[in-house]
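Just so it is clear, the structure is predicted and the values come from calculations on it, not from any experiment.
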Amino acid sequence: NENEGIKTTPSSSDVLDAYIVPICLEKAKLAGIQVCDWTISYHFVPLPAIIYGLNYFSTPSDNFLVSDHEEAKKVIKHVTNHGRYPFCYQKISDTSTVVRCVSIFGKSINCCEKVATMTEKIYEVFRLPLVDIVLVKDESGCRLSSLAPVKYSQLSKDETEMLQDLLDKRVKRFE
């Protein structure tokens with residue numbers, strides 16, 4: 001559609017920006033969303049940390065929480081394809097928890113008010129109708145770690161109903 005000049009939402013650049021972790025976090029940060037600090041490396045990672053692959057073989061939904069050096073070595077070997085590509089890591093505290101939240105047109109189910117507000121802002125920035133939001137929660141608050149695609153088959157019954165309801169409202173708006 002974009003090649004034919006048809007306005008498409010989300011745009012292909014929005015999708016690419018959303019699923020490449022460093023670009024996603026910088027774009028979100030510029031929009032005022034709290035994000036995890038991140039670094040690109042080939043070898044070193046402080047512990048504990050979340051690791052993301054950055055090569056074109058990487059799956060955007062894959063993240064690895066590592067807390068010991070042996071585990072980190074295995075993960076780094078895997079995500080770098082034996083050292084051929086860099087990876088992104090986010091240093092987290094020992095008390096951090098990693099949580100996921102599904103966003104459906106910027107709405108979420110069973111999330112606190114802060115996360116719900118962040119979910120709406122993420123939708124405004126990336127325009128992704130269905131996305132898995134990975135967050136880090138700790139004593140400093142809640143920060144965006146990454147965005148990942150969601151398969152329809154992975155949605156809960158409540159999320160499926162919410163999606164259908166929001167789609168029905170959108171269709172009625174255009175009739």
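- Hydrophobic clustering places L54 together with Y19 (ILVMFWY residues linked when any side-chain heavy atoms are closer than 4.5 Å, directly or through intermediates).
- Distance check: D165 CG to T160 OG1 gives 12.5 Å after rounding to the nearest 0.5 Å.
- Annotation: salt bridge (charged side-chain N to carboxylate O under 4.0 Å, His left out) contacts of K157 (sequence neighbours excluded): E161.
- Each of I23 and I122 belongs to its own hydrophobic cluster when Ile, Leu, Val, Met, Phe, Trp and Tyr are linked at side-chain heavy-atom distances under 4.5 angstrom.
- Heavy-atom contacts from other residues, nucleotides or ligands closer than 6.0 Å to CG of D62 number more than 12.
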Return all side-chain donor-acceptor pairs below 3.5 angstrom for residues 63-79, not counting sequence neighbours, or 'none' if the list is empty.
unit_1 : atom_1 : unit_2 : atom_2 : d
D68    : OD1    : E70    : N      : 3.1
D68    : OD1    : E71    : N      : 2.8
E71    : OE1    : S67    : N      : 3.2

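- Side-chain polar atoms of S145 and Y52 form a donor-acceptor pair below 3.5 angstrom.
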Should S140 and D138 be marked as a side-chain hydrogen bond (donor to acceptor under 3.5 Å, both in side chains) after you check the CA-CA gap, both sets of side-chain angles, and the distance that decides it? CA-CA 5 Å; S140 67; D138 56 25; 2.7 Å; yes
Let me check something: any side-chain donor-acceptor pairs from residues 111-120 under 3.5 Å, sequence neighbours excluded? List them with distances.
unit_1 : atom_1 : unit_2 : atom_2 : d
T117   : OG1    : E113   : O      : 3.0
T119   : OG1    : V115   : O      : 2.8

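- Heavy atoms from other residues, nucleotides or ligands lying under 6.0 Å from NZ of K107 number 12 at most.
- How far NZ of K137 is from CZ of R143: 12.0 Å, rounded to the nearest 0.5 Å.
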Check: residues 26-41 side-chain donor-acceptor pairs under 3.5 Å, at least two apart:
unit_1 : atom_1 : unit_2 : atom_2 : d
E26    : OE2    : W38    : NE1    : 3.2
K27    : NZ     : D14    : OD1    : 3.0
K27    : NZ     : D17    : OD2    : 3.1
S41    : OG     : H43    : N      : 3.1
S41    : OG     : F44    : N      : 3.1
S41    : OG     : F44    : O      : 3.0

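- Here S103 contributes atom OG and K121 contributes atom NZ; the two are 14.0 Å apart, rounded to the nearest 0.5 Å.
- Note on L25 and V136: same hydrophobic cluster, where clusters join Ile, Leu, Val, Met, Phe, Trp and Tyr whose side-chain heavy atoms are under 4.5 Å apart, directly or indirectly.
- Using a 3.5 Å distance cut-off with no hydrogens or angles, the side chains of E2 and T8 do not pair a donor with an acceptor.
- In terms of hydrophobic clustering, with Ile, Leu, Val, Met, Phe, Trp and Tyr side chains grouped at heavy-atom distances under 4.5 Å, V102 and L144 are assigned to different clusters.
- For the atom pair CD (E159) and OH (Y152), the distance works out to 11.0 Å, reported to the nearest 0.5 Å.
- To the nearest 0.5 Å, the span separating CG on N1 from OG on S11 amounts to 12.0 Å.
- A continuous path of ILVMFWY side-chain contacts below 4.5 Å connects Y89 to L47, so both sit in one hydrophobic cluster.
- Apart from Y85 itself, the hydrophobic cluster it occupies contains Y56, F57, where clustering links Ile, Leu, Val, Met, Phe, Trp and Tyr at side-chain heavy-atom distances under 4.5 Å.
- Residues S93 and S96 have side chains that bring a donor and an acceptor to within less than 3.5 angstrom of each other.
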Do any side-chain atoms of residues 123-135 form donor-acceptor pairs under 3.5 angstrom with protein atoms, and if so which ones, sequence neighbours left out?
unit_1 : atom_1 : unit_2 : atom_2 : d
Y123   : OH     : R170   : NH2    : 3.4
D132   : OD2    : R100   : NE     : 2.6
D132   : OD2    : R100   : NH2    : 2.8

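- The shortest heavy-atom contact between A18 and L147 is O-CB, 3.7 Å.
- Under the side chain to side chain contact (heavy atoms under 4.5 Å, CB included) rule, L163 has a single partner from I104, V150, D158, D168, which is I104.
- Rounded to the nearest 0.5 angstrom, Q90 CD and I50 CD1 are separated by 5.0 Å.
- Residues R84 and N55 are not in side-chain contact: their nearest non-hydrogen atoms beyond the backbone lie 4.5 Å or more apart.
- In this structure, P22 and C88 have side chains that are in contact, with non-hydrogen atoms separated by less than 4.5 Å.
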